[in-house]
Protein chains: 2
Amino acid sequence: MPPARKSGGLPKTSYAVLGLLSFGERSGYDLKALADYSIANFFWSPAGSQIYAELRRLTYLGFVTETMVRQERRPDKRIYQLTTSGQGALSDWLEIPEVEPDIFKSTFLLKIFLGRSTQTETIVAQVEERRQQIEERISQLEEKEATLRDRPELAFAYITLKSGLAANRAQLLWAEEVVEELKMRDPGQSYLDNG
Amino acid sequence: MPPARKSGGLPKTSYAVLGLLSFGERSGYDLKALADYSIANFFWSPAGSQIYAELRRLTYLGFVTETMVRQERRPDKRIYQLTTSGQGALSDWLEIPEVEPDIFKSTFLLKIFLGRSTQTETIVAQVEERRQQIEERISQLEEKEATLRDRPELAFAYITLKSGLAANRAQLLWAEEVVEELKMRDPGQSYLDNG
DNA sequence: ATCCTCATGTAACACGTTACATGATTAC
DNA sequence: GTAATCATGTAACGTGTTACATGAGGAT
């Protein structure tokens with residue numbers, strides 16, 4: 001049995017799984033693939049083992065049902081589908097008006113923040129690498145955008161993708177500005193004062 | 001004794017503490033306050049208890065030294081300062097060229113993504129509330145920006161703050177677009193098809 | 001031959017949070 | 001009087017990751 005939660009609903013992860021199952025029944029394995037494809041960028045790219053644990057919890061709670069499917073050329077699998085109760089839990093949650101703040105954690109920005117403890121070139125190099133990563137990211141998202149545009153049944157996926165694009169484009173501009181400014185301000189010198 | 005790490009350096013949290021101590025010696029209590037003020041937005045707003053645990057680990061590792069300070073009108077406290085070894089660990093880490101991806105997790109975007117399982121008005125309302133939150137956020141950051149501008153000793157703090165501003169401004173535009181589009185596309189109707 | 005995909009899971013661990021405890025001083 | 005600040009910590013818990021195990025089928 002899963003640990004009882006003290007108060008206030010399931011962990012967000014559970015709702016993510018319920019939400020993915022609202023698009024149709026799936027195995028744990030397929031759910032992992034779907035999560036990686038759809039919500040990994042802004043929410044969750046789960047470890048395989050966690051998906052299976054989560055599905056056991058949801059089964060125990062009666063929010064999904066498990067169906068064993070025997071296969072011959074592939075390992076047997078368990079298919080999960082939302083119950084009415086699970087659908088209810090999902091839409092109840094979606095309707096909670098409170099908007100929680102995002103979780104954002106950037107080791108990269110921490111390093112920048114601590115920049116005075118290294119040479120400026122080190123920082124510049126890292127911002128430049130970050131800039132390249134962002135460019136690749138943007139290319140990927142733009143490809144995905146093309147496949148989502150003009151498909152009204154995927155409108156909400158499109159909207160969240162747009163958010164990612166906006167964020168990355170803003171950070172691209174930021175990175176370019178920073179590189180220029182640091183290169184100008186300090187052409188080859190280090191701060192290592194401390195105290 | 002703290003658990004030995006299997007490989008490859010300390011947790012990022014340790015470097016955050018080392019980094020904050022590079023600005024000067026501090027008590028656990030003061031470190032928490034400093035973290036909340038400086039790096040909370042892009043990295044870390046630690047629980048009090050975690051700071052103290054982290055300081056014990058860093059002491060054990062020889063990266064900081066602990067000095068007991070007796071006080072009369074306040075509880076006694078322990079002041080921590082970086083050792084040479086700690087400074088070395090910090091700058092070694094800063095110089096690692098690998099740029100790790102940010103961690104981003106948005107329950108808000110998950111709800112948007114699952115929007116077809118509720119009424120559109122519910123989604124619109126949440127995006128509108130988010131928009132307001134972002135506006136407040138931007139105001140706070142702009143205030144901070146004013147205090148940081150033209151203070152070259154805080155240049156790196158200024159740069160990270162700019163990143164936050166850019167991100168929030170981009171999300172503000174996104175939110176405004178989304179609200180308009182959803183209101184136009186669907187003036188008061190719900191999708192609840194499933195399967 | 002070797003690797004990847006499909007498919008599910010166990011065990012151990014690390015990180016971080018919450019709740020709780022203590023207790024004096026200072027500000028409203 | 002009540003609350004906030006200063007100051008440090010313990011205990012319990014929940015989440016998520018990593019490493020590992022198994023094993024057949026299909027691709028290169």
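None of these values were measured; they are calculated from a predicted model. So you know, we letter chains A, B, ... as the sequences are listed, proteins then strands, and number each from 1.
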Verify the contact: side-chain N or O of A:K12 to OP1 or OP2 of D:dG16, cut-off strictly under 4.0 Å; return yes or no.
no
Transitive ILVMFWY side-chain link B:Y80 to B:L34, under 4.5 Å:
yes
Below 4.0 angstrom from OP1 or OP2 of D:dG16, is there any side-chain N or O of A:T13?
yes
Below 4.0 angstrom from OP1 or OP2 of C:dG9, is there any side-chain N or O of A:R78?
yes
Would you call B:W93 and A:T107 a side-chain contact if the rule is heavy atoms closer than 4.5 Å?
yes
Could you check B:R130, B:R137, B:K111 and say which one makes a salt bridge (Lys or Arg N to Asp or Glu O under 4.0 Å) with A:D102?
B:R130
Using only side-chain N and O atoms of B:R70, determine if any of them is under 4.0 Å from OP1 or OP2 of D:dA7.
no
In this structure, which one of A:R57, A:R56, A:R78 forms a salt bridge (Lys or Arg N to Asp or Glu O under 4.0 Å) with A:E66?
A:R78
Which nucleotide, D:dA19, C:dT26, C:dC6, lies nearest any side-chain atom of A:P75?
C:dC6
Roughly, in whole Å, what's the span from CD1 in A:I103 to P in D:dT15?
13 Å
Between A:Q71 and C:dC6, is there a contact of a side-chain N or O with OP1 or OP2 at under 4.0 Å?
no
Quick one: B:E54 CD to D:dG9 P, roughly how many Å, whole number?
14 Å
Establish, with yes or no, whether the OP1 or OP2 oxygen of D:dT15 is under 4.0 angstrom from a side-chain nitrogen or oxygen of A:Q50.
no
Compare side-chain N and O positions of A:R73 against OP1 and OP2 of D:dG23 and report whether any pair is under 4.0 Å apart.
no
Under a 4.0 Å N-O cut-off, is there an ion pair linking B:E145 with B:K162?
yes
Under 4.0 Å between a side-chain N or O of B:Y52 and OP1 or OP2 of D:dG9?
no
Please work out which residues in residues 26-46 of chain A have a non-hydrogen atom less than 4.0 Å from an atom of DNA chain D and list them by number.
A:S45
Within the structure shown, what part of the strands sits under 4.0 Å from A:R74 by heavy-atom distance: base, sugar-phosphate, or nothing?
base
